[in-house]
Amino acid sequence: MARTTSWMNFVTDLSIILSIFLVCSRVNAQLSANFYNTSCPNVETIVRNAMTTAVNNEARMGASILRLFFHDCFVQGCDGSVLLDDTATFTGEKGALSNNGSLRGFDVIDTIKANVEAACNATVSCADILALASRDGVFLLGGPSWTVLLGRRDSTTASKSEANTELPGPTSDLSMLITKFTNKGLTAQDMTALSGAHTIGQARCSLFSNRIYKDTDINATYATALQANYPVSGNDNLAPLDLQTPTNFDNDYYQNLLNQQGLLYSDQELFNGGSQDSLAQTYANDNSQFLSDFVNSMINIGNISPLTGTQG
């Protein structure tokens, strides 16, 4: 009996020790707003200065960097894998269907990385740089700012196949959009709020030509105006995702949806008789609510499966 009691006490003590270890491990692995306070205290200033130069040179770059961040986080988590070139051991994500020839801003991230390395050698990850740069791109185009949690480590591998299957596309219907975001631990509200990133940026004609010539849930005047410049066969000519204020980060994107002026099929799905109609209407009427929810959802997407500690 004494041996049984002793064994039970040992098991209990071991369980407590393991629980404490696991809790401590999770705490140590968490991202933190002050992760670089000592090791690279000026990193946010360095990133902001470089992004200011990039956006001043081309306003569209704010949207391009934001898209780069989205596409990074949706494949393997926010680990910088989207930045990797092909190697002998893996095929990178740059050549994936949603990325090939359309992802931009790699040179800007390279410049920022070089500037950061000059100040803090081998300290700040590319994944964190991309997270900071996406925040700054939004802010520099008139959008909100927020505290970016840091401490991500960079992946040493990438996955073209995962990029081909995990990323939502311009022809995704509402159900597919919600599923893609839910698969990443995000909600339908996150999806609708993050889609507001299309208040800036542009899309290639080949991604919307079918919509402007064949879809019925599109404003006829809007479609006709687009048809004057974009052929039914599609090409690489660009059109603004937000026809009102394409370089200002605001809620005009949702106002466009209420008027059936969503450029992409997937855009209009947010206001097309489905579950997100009410939220899209709320954002169209309340810019402050949209910006607040967008910030929360950006924090959520930034928390998708980061590599931390000794990972990566």
Side-chain angles (χ1 to χ4, degrees), residues 26-27 29-35 44 47-48 51 62-63 65-79 127-152 166-168 172 174 177-201 241-242 245 248-258 266-267 269-271 274-308:
R26 284 195 295 268
V27 170
Q30 286 178 349
L31 304 179
S32 167
N34 57 10
F35 188 83
E44 295 204 34
V47 175
R48 175 64 60 85
M51 280 300 296
I65 296 296
L66 182 57
R67 183 169 183 257
L68 197 57
F69 178 65
F70 283 176
H71 284 226
D72 182 40
C73 292
F74 260 76
V75 182
Q76 300 188 170
C78 306
D79 60 0
D128 277 344
I129 287 173
L130 185 53
L132 289 169
S134 65
R135 184 271 310 272
D136 292 345
V138 169
F139 174 75
L140 291 166
L141 293 177
S145 186
W146 60 92
T147 299
V148 176
L149 301 180
L150 302 167
R152 300 169 188 81
E166 298 299 308
L167 289 166
S172 297
L174 183 60
L177 290 170
I178 293 174
T179 297
K180 294 283 190 181
F181 278 75
T182 301
N183 288 345
K184 301 303 174 183
L186 302 172
T187 66
Q189 177 174 312
D190 287 323
M191 182 274 294
T192 300
L194 291 169
S195 294
H198 283 184
T199 186
I200 53 177
L241 289 159
D242 174 0
T245 53
N248 291 334
F249 198 94
D250 53 32
N251 66 334
D252 283 355
Y253 165 80
Y254 299 99
Q255 295 174 12
N256 296 335
L257 300 186
L258 267 57
S266 56
D267 288 329
E269 281 291 277
L270 303 185
F271 189 80
S275 63
Q276 299 306 294
D277 280 20
S278 177
L279 186 57
Q281 188 151 20
T282 294
Y283 291 159
N285 296 329
D286 191 339
N287 188 52
S288 296
Q289 186 65 58
F290 159 56
L291 296 180
S292 175
D293 285 359
F294 180 82
V295 165
N296 290 333
S297 294
M298 281 296 291
I299 294 171
N300 290 340
I301 196 175
N303 288 334
I304 296 178
S305 304
L307 300 176
T308 57

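Closest approach of Gly151 to Leu31, counting heavy atoms only: C-CD2, 3.7 Å. Nearest heavy atoms, Leu177 versus Ser266: CD1-O, 3.7 Å. The minimum heavy-atom distance between Leu141 and Ala63, with the atom names listed, is CD1-N, 4.3 Å. Taking both residues in full, the closest heavy atoms of Phe70 and Ala197 are given as CE1-CB, 3.8 Å, listed atom of the first, atom of the second, then distance. Contact detail for Asp277 and Phe271: the closest heavy-atom pair is OD1-CA, 3.2 Å.
No side-chain heavy atom of Leu167 sits under 4.5 Å from any side-chain heavy atom of Lys180. Side-chain contact between Ile178 and Leu174 is present, with at least one heavy-atom pair separated by less than 4.5 Å. When side chains are defined from C-beta on, Gln281 counts as touching Leu258, because their heavy atoms get closer than 4.5 Å. Counting only heavy atoms from C-beta outward, the side chains of Asp72 and Asp79 approach each other to under 4.5 Å. You'll find the side chain of Val148 stays beyond 4.5 Å of the side chain of Glu44, heavy atoms only. For the pair Arg135/Phe69, no side-chain contact is recorded, criterion being any heavy-atom separation below 4.5 Å from C-beta on. Counting heavy atoms from C-beta on, the side chains of Asp190 and Ile301 never come closer than 4.5 Å.
A search for side-chain contact (heavy atoms from CB on, under 4.5 Å) contacts involving Asn34 returns Ser32, Asn37, not counting sequence neighbours. For Asp128, the salt bridge (charged side-chain N to carboxylate O under 4.0 Å, His left out) test picks out Arg152, with sequence neighbours left out. Residues meeting the side chain to side chain donor-acceptor pair (under 3.5 Å) test with Tyr283, sequence neighbours left out: Asp293. Not counting sequence neighbours, the partners of Asp250 by the side chain to side chain donor-acceptor pair (under 3.5 Å) test are Thr199, Thr245. Scanning for salt bridge (charged side-chain N to carboxylate O under 4.0 Å, His left out) contacts around Asp136 gives Arg48, with sequence neighbours left out. With sequence neighbours left out, Gln255 forms a side-chain contact (heavy atoms from CB on, under 4.5 Å) with Gln244, Asn251, Asp252, Ala284. Applying the side-chain contact (heavy atoms from CB on, under 4.5 Å) criterion to Val295, with sequence neighbours excluded, gives Pro144, Trp146, Ile299. Residues passing the side chain to side chain donor-acceptor pair (under 3.5 Å) test with Thr192, sequence neighbours excluded: Gln276. The side chain to side chain donor-acceptor pair (under 3.5 Å) test applied to Lys184 returns Glu166, not counting sequence neighbours. For the ring pair (Phe, Tyr, Trp, His ring centres under 6.0 Å) test, residues two or more places apart in sequence or in another chain that qualify with Phe294 are Phe249, Phe290. Among residues two or more places apart in sequence or in another chain, the side-chain contact (heavy atoms from CB on, under 4.5 Å) test is passed with Leu241 by His198, Ala203, Leu263, Leu264, Asp267.
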ask   = Given Met298 and Leu66, is the side chain to side chain contact (heavy atoms under 4.5 Å, CB included) satisfied, shown in steps?
value = CA-CA 10 Å; Met298 281 296 291; Leu66 182 57; 3.6 Å; yes
ask   = Under the side chain to side chain contact (heavy atoms under 4.5 Å, CB included) criterion, do Ile304 and Leu186 qualify, and how do the steps go?
value = CA-CA 9 Å; Ile304 296 178; Leu186 302 172; 4.0 Å; yes
query = Could you walk me through whether Ile65 and Leu130 pass the side chain to side chain contact (heavy atoms under 4.5 Å, CB included) check?
reply = CA-CA 7 Å; Ile65 296 296; Leu130 185 53; 4.1 Å; yes
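The OG atom of Ser275 sits 9.0 Å away from the CG atom of Leu270 when rounded to the nearest 0.5 Å. Taking SG from Cys78 and CG from Leu149, the interatomic distance works out to 11.0 Å, rounded to the nearest 0.5 Å.
Side-chain contact check for Asn300 and Ser297: no donor-acceptor pair (N or O, by modelled atom type) lies under 3.5 Å.
Under a 3.5 Å cut-off, the side chain of Asn183 and the backbone N or O of Thr179 do form a donor-acceptor pair. In terms of modelled atom types and a separation under 3.5 Å, the side chain of Ser195 and the main chain of Met191 share a donor-acceptor contact. For Tyr254 (side chain) and Ala193 (main-chain N/O), a donor-acceptor pair under 3.5 Å exists by modelled atom type.
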